[in-house]
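Before any comments, here is the structure.
Chain naming here is simple, since letters A, B, ... match the order of the sequence lines and numbering starts at 1 in each.
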Amino acid sequence: MENLIREAILEHAETLFGTAVEETMIQFQKTRRDIKGDLTLVVFPFVKLLRTSPIEAGNKIGEFLTSQLDFIESHEVISGFLNLSFTDSYWTGRLGEIDADDHFGYEPANSRSRIMVEYSSPNTNKPLHLGHLRNIFLGYSVSEILKARGHKVVKTQIINDRGIHICKSMLAWQKFSPVNEHGERETPENTGIKGDKLVGKYYVEFDKRLNEEATSILEAWESGSFEGYSEEVIGEVKRLSGSRDGKDEKTIAGINGKIKELAKNATDLFREAKEMLIRWEARDPETYLLWSAMNGWVYSGFEDTYETMGVDFDKLYYESDTYLIGKDMVAEGLQKGVFFKKEDGSVWIDLTEDGLDEKLLLRSDGTAVYMTQDVGTAFDRYRDYPDLDGIIYTVGNEQDYHFKVLFLILDKLGYSWAKNCYHLSYGMVELRNSEGEVGKMKSREGTVVDADDLMSDVIEAATEMTKARGHIAGMSDEEKETLFKTIGLGGLKYYLLKVDPRRGMAFNPEESIELNGNTGPFIQYAHARIQSLLRKAGEVSTLSNQNEIGDQEKELVKHLSEFPAVMEEAAISYSPALVANYTYELVKMFNHFYQTVDILKEENETAKLRRLVLSRSVGKVIRNAMNTLGINVPQRM
RNA sequence: GGCUCCGUAGCUCAACUGUAUAGAGCACUGGAUUUCGGCUCCAGCGGUUGCAGGUUAGAAUCCUGCCGGAGUCACCA
């Protein structure tokens, strides 16, 4: 109805103001809750045209609109804001429309362009952790929101299955895994350990052994023994050691860190890992076989985790394929003169004119880097889906710079679609204990929160709560299992999605399983209660010819009416948080309504029907909203 | 140090991207109701929106400068 009002003003601008008005002058906002009215027009822009006070200007426009449009019942001007009130029958009409539309808030499927959303994209050398959970829930939810708004969506991930980090796990397994009585090394089958956990275990093992070896090298260096190391390394270590004199603690720690890096690079273990990578790139059969076996373990582990999470993918890309495409593109760019080669053979792009610096695309030994692969992946995706309207990369904000460079490179290579690539950058999840201390998640220090562990923890907490307070009598064991999972994961997903993605957030394990306040289970409970109400009510017909409505009901209908706009806003800004907060507000309003108004006990049949239809609509919107967050809402709990 | 992002109640977060008295939850204090599902509702407490200027009829929001925090500046991914 904003459009109707806007048109009316534009059409009659000459008579009202004596001149045409810009469309941008007509600004609407929601009427404050504590003020009478259903929609507010900001008067300030018109004050100058009319050369009167804001109050007079507002009244003039208000009188005009009230006489012109039959759904406007009255108006009131308060300090420069024109508050318009709509008739009751307008609102009962709205309620009827919402009730009749099962897909309220959604646009018809496939009515809009195709968009690809990348999320998860794990390394295949260690299990998923809390940081991945935010990434995956966010990417999945953005996909579902875009789908709900009519887009064709391709959910994808790039699997980082190539590189030195994979070789570390492989090497550690090969060297350090115990051999059983059958002469086999540890596998998921013979140990019962989940595949990704097993591979992760050897990644940690590698790091431990590397540190041990590096420490003994450091000790040797400190005592002045440098035998067996290259001139280059020795010189660098001596230079760094000398530069520590007279520096403050922080600087010295930084220098010591650099020396330690040198020591790590000088270890036999690291050298072996590098050799293994070279063998892999050369397709050495034994190495390749081990690589695919261990990756297979990881994939089956990830699959289990994804299934628990309730997320899926339409199309997978593997770095081990796309880095080759990337290398071809680098060669092509080199010919075009977009890139240049240094004397040592490494390939670079100069971005200094764009305010960035030089960036490496190919190492001097000809092997690919992270950027090479990403360039190839983007190209591959547009080749697979020529009608793509954009790619959304769900990746943490520590990679802001990387994506800025990536998109710039694609643009310079002449791909017009580069401008449609978007980095959905989200903030880090910090871990917070009950004392409120913030800790970083570091896999080496054992402070990571494992994704599987966390999910089973929240499900367990939900199980206890529900057994103690829920209405689950008569449910089968399977139904109960599903319900506990729904509640536990619903809570976790909501907890991670309700915060604006761009912001960093604190993760408090205790809060994540809370059931009151702004939480998933609070919303799920409201839905279950509505369904219970409707079951008790029996058959509820549709609404017709009602033209009265209570104040609280009107507030609810008003809020329901905003749902499509909120969904659209969430789709534009890629922000599930908007949907979450909208739904929470809706539930609070409904609980208030439910607490103060009789529904089943109401004797007036007209009012009873209207309230039941309203409850049904609220339930539907809760369901439609939560579905886009990947959260199920139970019938009872 | 350069660049990027961020500082809102004790804590976790909102604020339609510039508008009326900056809102919720948790925690704390008090109350309602034991009902159509108490995982409910109502009230109170709590703020100089990091600081100082500027632009505007109007600033948490835009600009400048400080202060504080995070990230990033790899032939790692």
Q: Please list, by residue number, the residues of residues 528-536 of chain A whose heavy atoms come closer than 4.0 Å to an atom of RNA chain B; answer none if no residue qualifies.
A: A/A528, A/R529, A/S532, A/L533, A/K536
Find every protein N or O atom lying less than 3.5 Å from an N or O atom of nucleotides 60-63 of chain B, and list the pairs.
none

Q | Counterpart residues, salt bridge (Lys or Arg N to Asp or Glu O under 4.0 Å), relative to A/D374 (two or more places apart) | A | none
Q.
Please list all pairs meeting salt bridge (charged side-chain N to carboxylate O under 4.0 Å, His left out) that have one or both residues in residues 593-603 of chain A, counting only residues at least two apart or in different chains.
A. A/E602-A/R611
(Q) Strictly by salt bridge (charged side-chain N to carboxylate O under 4.0 Å, His left out), give each pair with a member in residues 578-588 of chain A just once, sequence neighbours left out. (A) A/R33-A/E585, A/E585-A/K588
Q | Under the side-chain hydrogen bond (donor to acceptor under 3.5 Å, both in side chains) test, residues paired with A/E275 that sit two or more places apart | A | A/R271
Q: Kindly write out the residues that satisfy salt bridge (Lys or Arg N to Asp or Glu O under 4.0 Å) with A/D38, not counting sequence neighbours, or none if the list is empty.
A: A/K558
Q) How is the base pairing of RNA chain B summarised as a dot-bracket string, given the Watson-Crick and G-U wobble criteria with both distances under 3.5 Å, [ ] for crossing and | for another strand? A) (((((((..((((.....[...)))).(((((.......))))).....(((((..]....))))))))))))....
Q: Scan residues 488-498 of chain A for pairs that pass salt bridge (charged side-chain N to carboxylate O under 4.0 Å, His left out), counting only residues two or more places apart or in two chains.
A: none
If you look only at distance, which donor and acceptor atoms sit under 3.5 Å apart when one is on a side chain in residues 500-507 of chain A and the other is two or more places apart or in another chain?
residue: A/D500; atom: OD1; partner: A/R502; partner atom: N; Å: 3.0
residue: A/D500; atom: OD2; partner: A/R502; partner atom: NH2; Å: 2.9

Enumerate donor-acceptor pairs with a distance under 3.5 Å from any side-chain N or O in residues 528-535 of chain A to protein atoms, sequence neighbours excluded.
residue: A/R529; atom: NH2; partner: A/N591; partner atom: OD1; Å: 2.9
residue: A/Q531; atom: NE2; partner: A/H527; partner atom: NE2; Å: 3.2
residue: A/R535; atom: NH1; partner: A/Q635; partner atom: O; Å: 3.4

(Q) Strictly under 4.0 angstrom, non-hydrogen atoms only: write out the protein contact profile of nucleotides 18-26 of chain B, one letter per nucleotide from the 5' end, B, S or -. (A) -BBS--SSS
